[in-house]
Amino acid sequence: MEAQLSDVAAGRRFYGELFGWTFGQTGEDGEDGEPDEGSGGSGDAGDPASGPERPKEPGKAEQPGEAERPGKVGRPGEPQQPVTSLRAYLEGEPVAALVRKTDGRMPTVWSVYFHTPDARALAERIRAGGGQVVTPPHPVGELGTAALAADPEGAVFALWEPGGHRGFGRRHEPGTFAWAELYTRDTEAANAFYGDLFHDALFGPDADPDFGRAPVSDVFPAEMPPHFLVHFLVRDVEAALGTVARLGGRVRVPPFETSYGRVAVVSDGQGASFALLQR
């Protein structure tokens with residue numbers, strides 16, 4: 001998953017302090033740069049436990065490779081160029097990406113990527129199911145293949161076919177991705193569409209899904225468009241809300257109870273919305 005932001009440096013400060021993330025740029029050859037251990041704060045998500053990267057199942061949420069190479073930081077005495085993308089790390093493992101918007105008219109959002117072994121085949125199934133392929137599958141250097149799509153109600157999501165970059169190194173731990181909720185106007189239609197695309201991940205014998213769906217009106221005004229909401233795990237949602245406010249973010253929806261934990265919806269200082277999840 002990645003955040004599309006106008007100011008990547010401001011995003012680095014916000015999320016580094018909130019979640020204790022460090023950051024690194026993608027190298028000119030498409031390989032990951034080393035994380036900068038000095039770029040993150042202490043974080044209010046809690047102390048994560050270490051764990052190896054796990055292979056992903058089709059339909060699982062992913063952290064993609066960056067769509068752009070980073071801007072050069074410049075040598076002493078030279079003007080520095082804006083950073084176009086950063087990979088976020090927790091304890092040295094990749095957990096997310098921050099990407100600078102190429103067009104100010106684009107929304108400031110967190111985007112959810114779903115793993116697939118064949119992005120082109122899945123794009124065809126999305127079209128056949130009544131969805132739209134907004135950006136066809138395309139290579140992202142040596143990292144993998146990405147695509148952008150929308151379901152029949154217009155909720156936008158992305159696909160990631162791994163190459164050199166597998167995705168999350170950590171998830172379901174404090175300070176990392178924990179859940180993605182689809183807020184939709186027609187839950188039955190969503191069940192049919194996503195159930196067809198990701199049947200094994202949702203309903204297979206070894207299914208352990210990390211995304212669900214709910215009516216938009218359960219949490220948001222009825223006129224809110226259908227959308228995915230990324231959830232990050234925290235140990236104490238109230239403490240994390242205090243940090244969000246201190247860093248210039250906003251509380252969009254105060255804490256409420258769900259079947260998967262206690263949730264609050266917030267936005268960063270640039271307006272990208274996400275949720276804090278306490279379990």
Each residue besides V134 in its hydrophobic cluster should be listed here, by chain and number; the cluster joins Ile, Leu, Val, Met, Phe, Trp and Tyr at side-chain heavy-atom distances under 4.5 Å. L148, V156

Please report the interatomic distance CD1(I126) to CD(E124), rounded to the nearest 0.5 Å. 9.5 Å

Taking only residues two or more places apart in sequence or in another chain, which ones pass salt bridge (Lys or Arg N to Asp or Glu O under 4.0 Å) with R262? E238, E257

Would you say the ring centers of F211 and F157 fall short of 6.0 Å from each other? no

Does the side chain of L86 come within less than 4.5 Å of Q25's, by heavy atoms? yes

Parallel, tilted or perpendicular for F23 and W21, by the 30°/60° rule? perpendicular

Could you check whether the rings of Y15 and F274 sit parallel, tilted or perpendicular, using 30° and 60° as the cut-offs? tilted

Test: salt bridge (Lys or Arg N to Asp or Glu O under 4.0 Å). Region: residues 175-191. Which pairs qualify, not counting sequence neighbours? none

Partners passing ring pair (Phe, Tyr, Trp, His ring centres under 6.0 Å) against Y183 (at least two apart in sequence or in another chain): F220, H227

Transitive ILVMFWY side-chain link L122 to L182, under 4.5 Å: yes

Could I get the full list of ring pair (Phe, Tyr, Trp, His ring centres under 6.0 Å) partners for Y260, not counting sequence neighbours? W179, H231

Can you sort out the partners of R250 under salt bridge (Lys or Arg N to Asp or Glu O under 4.0 Å), two or more places apart, ordered by chain and number? none

If you take all heavy atoms of L229 and A275, which pair is closest and at what distance? CD2-CB, 3.8 Å

